[in-house]
Amino acid sequence: MCTAIRDNNLFGRTLDLEYSYDEKIVVVPRSYEFTFSGQKVRNHHAMIGVAHIANGYPLLYDGINEKGLAAAGLNFPGNAVYYDPAEGKHNIASFELIPWILSLCDTVDYAERLLLNANITSVPFSSELPPTPLHWMIVDKSRAITVEQTCDGLAIYENTIGVMTNNPPFTYHLLRTADYMCLDSYSRPNTLCPDIDLNEYSRGMGGLGLPGDYSSNGRFVRAVFGKYHTTQDDSCVNRFFHVMDTVSIPKGCVKTDDGKDVLTVYTSCADLEEPAYYFTTYNCRRIKCVQLSEELANADELRSFAMNPHECKDQIEYFNE
């Protein structure tokens, strides 16, 4: 369960899970060596994002590179289909797709050209870390796309609405969003019985019908409403996190079949103009930031920063008489 939003020069997501892999903020410098389709790639774009580091390898959940291109992988079980390597294709394992795109591409246009000949394979990272069923959102300042590989093959969708969640496929969410096209921040006129003076008993009635559940479709529509109806102001990062709050999941509101609590492990916000990575965690609501500096981009090895998921210091300010 996750939600991703692109809004002007910002892109971010929630990660909603019942567990943690000790994820960290990770900077991948230009000199870190990747191997894609058997070819070693070094001296690539530097990138920053959230990753689980396994055997020295950054398994990126999402990230942004120094050129302002960002990507995120969201859960897509039951629909994602990965194939065996195919001759003549860019054979990329699911765990490689984000670093492949971010290391080589500077725009969505370039990423799309690479993806047209891509084959997302079922190759696991290890026996302990099998492939995760995912679909991806890739963005820059100009446009956004959604990438899904199903039983019908690999598809690339123009994501003009700038929102993505989980199952069903992206086209379903776009279709269902039309069911809510009459929602508004303003009160709506009485078209039910115009000759009757009905009492508008509350503010906010223009949003009647906005789904309040935590389903992927409910979160999709709520994210669209928040993105398009919150007031644009100078505090754009702060505004972005307020929009993401509308789709965050409090612990206990969603449970797995075996009784585990699903919660919003972290919320991210990447600045596409000046590569910086903002984030909050479930237990730390204070917005923190790591900037992709030249020093970090030119480092000799991965650099990681703990997200401090259990830290609550400075979250409550006490005033005494």
Side-chain angles (χ1 to χ4, degrees), residues 1-5 7 10-28 47-54 58-64 70 72-75 98 129 132 134 137 163-166 212-216 218-219 222-223 226-227 230 235-271 276-292 296 302-320:
M1 300 177 66
C2 308
T3 306
I5 298 175
D7 191 10
L10 299 176
F11 172 69
R13 58 91 58 83
T14 61
L15 180 78
D16 309 318
L17 287 173
E18 67 275 19
Y19 53 83
S20 170
Y21 278 112
D22 189 31
E23 54 278 338
K24 302 179 186 298
I25 305 298
V26 175
V27 176
V28 183
M47 62 195 80
I48 182 172
V50 171
H52 167 60
I53 301 176
L59 296 168
L60 285 159
Y61 302 3
D62 54 85
I64 179 175
L74 278 65
N75 207 23
I98 291 178
L129 293 170
T132 300
L134 299 171
M137 189 170 176
V163 172
M164 197 172 90
T165 54
N166 312 106
D213 60 87
Y214 296 107
S215 68
S216 59
R219 286 180 285 109
R222 215 156 53 248
K227 172 185 170 179
T230 49
S235 302
C236 53
V237 171
N238 188 49
R239 170 183 171 270
F240 189 90
F241 277 96
H242 278 298
V243 174
M244 298 303 281
D245 282 344
T246 68
V247 294
S248 66
I249 300 177
K251 187 176 183 178
C253 289
V254 178
K255 291 184 180 290
T256 63
D257 291 340
D258 57 357
K260 294 178 181 177
D261 292 319
V262 176
L263 54 92
T264 297
V265 178
Y266 71 83
T267 303
S268 67
C269 173
D271 188 330
Y277 193 93
Y278 300 85
F279 67 96
T280 63
T281 61
Y282 190 83
N283 288 319
C284 188
R285 303 286 290 160
R286 184 180 183 185
I287 299 174
K288 300 181 181 182
C289 178
V290 180
Q291 294 179 312
L292 184 54
L296 290 172
L302 297 176
R303 179 74 183 276
S304 64
F305 302 85
M307 300 180 77
N308 300 318
H310 303 297
E311 181 183 292
C312 294
K313 293 187 297 183
D314 301 325
Q315 295 310 294
I316 301 175
E317 184 175 357
Y318 293 93
F319 292 90
N320 299 317

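As a basis for the values below, the full set of heavy atoms in this structure was taken, side chains included, without hydrogen atoms, waters or symmetry mates. Keep in mind it's a predicted model, so treat the numbers as computed, not measured.
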Seminar exercise, completed: CG of L60 to CE of M47, rounded to nearest 0.5 Å, is 7.0 Å
Exercise. Side-chain contact, heavy-atom cut-off 4.5 Å: L302 with V28?
Worked result: yes
Exercise. Just wondering, do I249 and M1 contact through their side chains at under 4.5 Å, heavy atoms?
Worked result: yes
Problem set entry | Nearest-0.5 Å distance that lies between atom CZ in R286 and atom OG1 in T281 | 12.0 Å
Exercise. Which distance, rounded to the nearest 0.5 Å, do you find between the OH of Y282 and the CG of L15?
Worked result: 14.0 Å
For this session: For residues C284 and F279, determine if any side-chain heavy atom of one lies less than 4.5 Å from a side-chain heavy atom of the other.
Result: no
Exercise. Is there side-chain contact between R222 and Y214, with at least one heavy-atom pair below 4.5 Å?
Worked result: yes
Exercise. R219 versus N166: any side-chain heavy-atom pair under 4.5 Å?
Worked result: yes
Seminar exercise, completed: Residue set satisfying ring pair (Phe, Tyr, Trp, His ring centres under 6.0 Å) with Y21, at least two apart, ordered chain then number -> Y19, H52
For this session: Apply side chain to side chain donor-acceptor pair (under 3.5 Å) to K255 and list each qualifying residue two or more places apart in sequence or on a separate chain.
Result: D261
Exercise. Do the side chain of T14 and the main chain of T3 share a donor and acceptor less than 3.5 angstrom apart?
Worked result: yes
Exercise. Would a 4.5 Å heavy-atom cut-off, applied to side chains only, mark L134 and L74 as touching?
Worked result: no
Exercise. For Y266, does its backbone N or O pair with a side-chain atom of T264 as donor and acceptor, under 3.5 Å?
Worked result: no
Exercise. What do you reckon, is CG of D258 surrounded by more than 12 foreign heavy atoms closer than 6.0 Å?
Worked result: yes
Problem set entry | Residues which pass salt bridge (Lys or Arg N to Asp or Glu O under 4.0 Å) with D62, listed by chain and number, not counting sequence neighbours | R13
Exercise. So how far is it from I5 CD1 to T267 OG1, rounded to the nearest 0.5 Å?
Worked result: 10.0 Å
Problem set entry | Sub-4.5 Å side-chain heavy-atom contact between V27 and F305 | yes
